[in-house]
**Student:** 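For reference, the structure I am asking about is given below.
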Amino acid sequence: MEKVVKVGEVAKKIKEKIENYDGLIRVITHYDPDGLTSGAIMVKTLLRINKKFHLTIVEHLSKEIIDELVKEKQYNDALFIFCDMGSGQIEHLIENKFNAIILDHHQPKVKEVEVDGILQLNPHIFGIDGAREVSASGICYMVARVFGFYDLSVLAITGAIGDMQHKPFIGLNKFILNEGREYRYLSIIKDLIYHCYDIPIWEAITYSTNPYIRELSNKEECLKFLKNLKIDPNKKELTHEEKQKLTNALIFYRKPEDFIVDRYTIKHKVNDAYYLSELLNACGRKGLTSVGIGVALEDDECIKIAKETYLKYKRELIEELKNVKPKKMKNIEYFKGKKGMVGIVASILVKDRPVLGYHEEGEKVKISSRGNKELIDRGLNLGKVMEVAKEFGGEGGGHDVASGASLPKIHLDEFLKRVDEIVGEQLKSKSQFR
Ligand code: C5P
Ligand code: C5P
Ligand code: C5P
């Protein structure tokens with residue numbers, strides 16, 4: 001609780017900084033569900049207090065993007081709000097004399113709230129784990145709530161789900177969840193995961209990647225499966241008896257807790273937080289970032305486009321899952337995949353060793369690596385592993401369970417060998433103590 005109070009104090013300072021600024025506010029955010037919900041929380045907040053703003057969505061706060069913003073700054077001395085990014089690039093922002101607010105949850109380079117005209121709200125400064133206890137949308141919400149905008153808690157929770165922080169919600173996320181429930185913007189029910197989507201049950205099962213049931217990820221097989229159970233495949237909501245029948249049949253493939261989950265129903269036109277995060281994910285991955293913002297802001301037409309995009313994206317993802325051919329090394333697996341999908345495919349493929357997926361972009365390869373809780377408990381830290389890209393003329397980093405890198409493609413083989421060794425060392429070092 002003490003940590004929440006400290007975050008609240010910084011949030012108050014940020015509120016004052018925003019209120020006292022009468023010029024243009026530039027909001028820069030990330031394209032994934034956490035970034036899009038962060039952007040939407042800031043847009044709603046700024047609209048409600050009647051501020052002029054302009055929102056931009058980017059993939060990474062790269063040096064090129066910062067250079068562009070510096071140019072823009074020369075003719076328009078705006079206040080910048082960086083969401084879901086900025087803490088890792090703060091040195092460049094200081095160097096270029098940005099008047100800025102950073103609302104981020106990635107590891108900060110500088111563990112201070114106020115540095116040279118920049119106000120930074122980052123959970124790590126207060127001993128809160130930004131990979132598990134709060135996402136960027138939660139940090140943005142901590143600012144919005146100082147204005148009294150508690151309804152935006154539903155977007156904060158949606159962003160946290162997008163960053164996979166909901167199994168289970170802990171720390172600051174739990175605080176936000178409880179606040180949303182208290183004000184009746186959100187409620188939790190135990191239900192079939194397939195009920196969260198507003199689509200026929202056969203589509204919900206066939207296109208589900210969480211859980212991914214390979215045997216049912218095909219229209220004909222899934223229809224046959226439902227027919228055997230005498231369940232109408234076009235139904236969206238099943239009766240209690242049908243649910244029971246389905247559950248009894250699904251445990252043949254998966255543990256019940258994989259498909260009987262906590263559902264977060266929210267006061268929003270997309271009334272389930274998981275479905276909303278999935279719609280935003282599909283929009284982000286397909287480059288429809290403005291549509292994503294429209295969805296978060298409850299625009300009917302954007303929601304319609306997002307629902308279509310979601311199915312299209314899932315069909316491609318299921319196809320990709322069937323096509324990738326992972327290769328095994330001693331301690332890792334790796335595969336070549338498609339841009340926008342490698343991270344998710346890698347996370348689905350993880351079992352007893354970390355999985356790396358890569359795709360080529362010109363002379364470079366971009367890599368996503370994913371692990372799971374069991375591997376983390378055994379000593380794996382993929383963020384550290386990916387930093388080795390530096391030795392091969394690239395860069396990399398991220399969280400223990402999910403990280404990424406980019407490097408010249410001629411060095412990929414050597415890089416994979418080195419990664420295999422480091423992962424082996426990490427897993428060995430901890431196992432001595434088990
Ligand atoms: O690449 P990253 O790990 O960010 O992908 C996270 C997103 O991938 C989540 O928002 C979720 O929508 C999607 N996902 C999925 N199926 C999984 C795991 C993640 O669709 N099994
Ligand atoms: O850039 P960012 O920090 O948002 O990326 C975090 C990534 O880590 C997301 O793709 C998220 O889905 C992934 N993740 C994961 N498993 C977890 C936690 C996060 O794959 N347990
Ligand atoms: O790109 P991907 O979703 O695989 O990234 C996973 C995590 O690794 C994200 O948190 C991202 O910010 C981080 N990352 C990084 N440096 C890179 C690539 C990814 O810190 N070069």
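Every heavy atom of this structure was used, including side-chain atoms; hydrogens, water molecules and symmetry mates were not. Both counts, for ligands and for their atoms, begin at 1 and track the order of listing. Each residue takes its place number in the sequence, starting with 1.
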**Student:** Within the 4.0 Å heavy-atom shell around Ala402, which atoms of ligand 2 are there?
**Tutor:**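 This gives 7 (C), 8 (O), 13 (C), 14 (N), 15 (C), 20 (O) as the contact atoms.
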**Student:** Does a donor on one side chain and an acceptor on the other come within less than 3.5 Å for Glu179 and Tyr141?
**Tutor:**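 Glu179 vs Tyr141: donor-acceptor pair found between side chains.
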**Student:** Would you mind listing which atoms of ligand 3 come within a distance below 4.0 Å of any non-hydrogen atom of Gly398?
**Tutor:**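 This gives 8 (O), 13 (C), 20 (O) as the contact atoms.
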**Student:** Below 4.0 angstrom from a heavy atom of Ala405, which ligand 3 atoms are there? Numbered from 1 as shown, please.
**Tutor:**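 So the atoms of ligand 3 that pass are 18 (C), 21 (N).
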**Student:** Where do Ser277 and Pro33 come nearest, in terms of heavy atoms and distance?
**Tutor:**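 Scanning both residues, the minimum pair turns out to be O-CG, 3.6 Å.
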**Student:** Assess Arg254 against Phe259: is NZ or CZ under 6.0 Å from the centre of the six-membered ring, and within 45 degrees of the ring's axis?
**Tutor:**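 No.
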**Student:** Closer than 4.0 angstrom: is that true for some heavy atom of Gly396 and an atom of ligand 3?
**Tutor:**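 Yes; Gly396 lies near enough to ligand 3 that a heavy-atom distance drops under 4.0 Å.
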**Student:** Side chain or backbone, does Ser347 bring an N or O within less than 3.5 Å of an N or O on ligand 2?
**Tutor:**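 N/O-N/O distance below 3.5 Å does not exist for this pair.
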**Student:** Return yes or no for this condition: an N or O of His399 is under 3.5 Å from an N or O of ligand 2.
**Tutor:**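 Yes, His399 has an N/O under 3.5 Å of an N/O on ligand 2.
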**Student:** Classify the contact between His106 and ligand 2 as side chain, backbone, both or neither, using a heavy-atom distance cut-off of under 4.0 Å.
**Tutor:**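 His106 to ligand 2: side-chain contact only, backbone stays beyond 4.0 Å.
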**Student:** Quick check on contacts: which atoms of ligand 3 are under 4.0 angstrom from a heavy atom of Gly404?
**Tutor:**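 Counting from 1, the qualifying ligand atoms are 8 (O), 14 (N), 16 (N), 17 (C), 18 (C), 19 (C), 21 (N).
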**Student:** Report yes or no: does a heavy atom of Asp32 sit under 4.0 Å from some atom of ligand 2?
**Tutor:**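 Judged by the 4.0 Å heavy-atom criterion, Asp32 does count as contacting ligand 2.
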**Student:** Check each of Arg378, Arg132, Lys384 against Asp400 using the salt bridge (Lys or Arg N to Asp or Glu O under 4.0 Å) test, and report the only one that passes.
**Tutor:**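 That would be Arg132.
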**Student:** Before signing off on this row, confirm whether Ser369 and ligand 3 have an N or O atom pair separated by under 3.5 Å.
**Tutor:**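 There is no such contact.
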**Student:** Between His411 and Glu414, do the side chains contain an N or O donor and an N or O acceptor separated by less than 3.5 Å?
**Tutor:**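 Side-chain D/A pair, His411 to Glu414: present.
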**Student:** Based purely on interatomic distance, does Arg370 place a nitrogen or oxygen under 3.5 Å from a nitrogen or oxygen of ligand 3?
**Tutor:**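 Right, the criterion is met.
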**Student:** Could Lys73 and Phe98 be counted as a cation-pi pair, given that NZ or CZ must be under 6.0 Å from the ring centre and within 45° of the axis?
**Tutor:**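 Cation-pi check for Lys73 and Phe98: passes.
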**Student:** Ignoring hydrogens and angles, state whether a donor on the side chain of Lys428 or Asn331 is under 3.5 Å from an acceptor on the partner side chain.
**Tutor:**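 Short answer, no.
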**Student:** Describe, in one word, how the ring planes of Tyr207 and Trp202 are oriented to each other, choosing from parallel (under 30°), tilted (30 to 60°) and perpendicular (over 60°).
**Tutor:**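 Tyr207 and Trp202: tilted rings.
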**Student:** Do any nitrogen or oxygen atoms of Ile367 come within less than 3.5 Å of a nitrogen or oxygen of ligand 3?
**Tutor:**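 In fact, backbone or side chain, Ile367 has no N or O that close.
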**Student:** Aromatic rings Tyr150 and Tyr183: how do their planes relate, parallel, tilted or perpendicular, breaks at 30° and 60°?
**Tutor:**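 Judged by the thresholds at 30° and 60°, the geometry between Tyr150 and Tyr183 is parallel.
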**Student:** Where does Ser368 meet ligand 3, judged by heavy-atom distances below 4.0 Å: at the side chain, the backbone, both, or neither?
**Tutor:**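 Both parts.
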**Student:** Of the listed options (Gly397, Ser406, Gly394, Gly130), which comes nearest to atom 20 (O) of ligand 3 when hydrogens are ignored and any heavy atom counts?
**Tutor:**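 Shortest heavy-atom distance from atom 20 (O) of ligand 3: Gly397.
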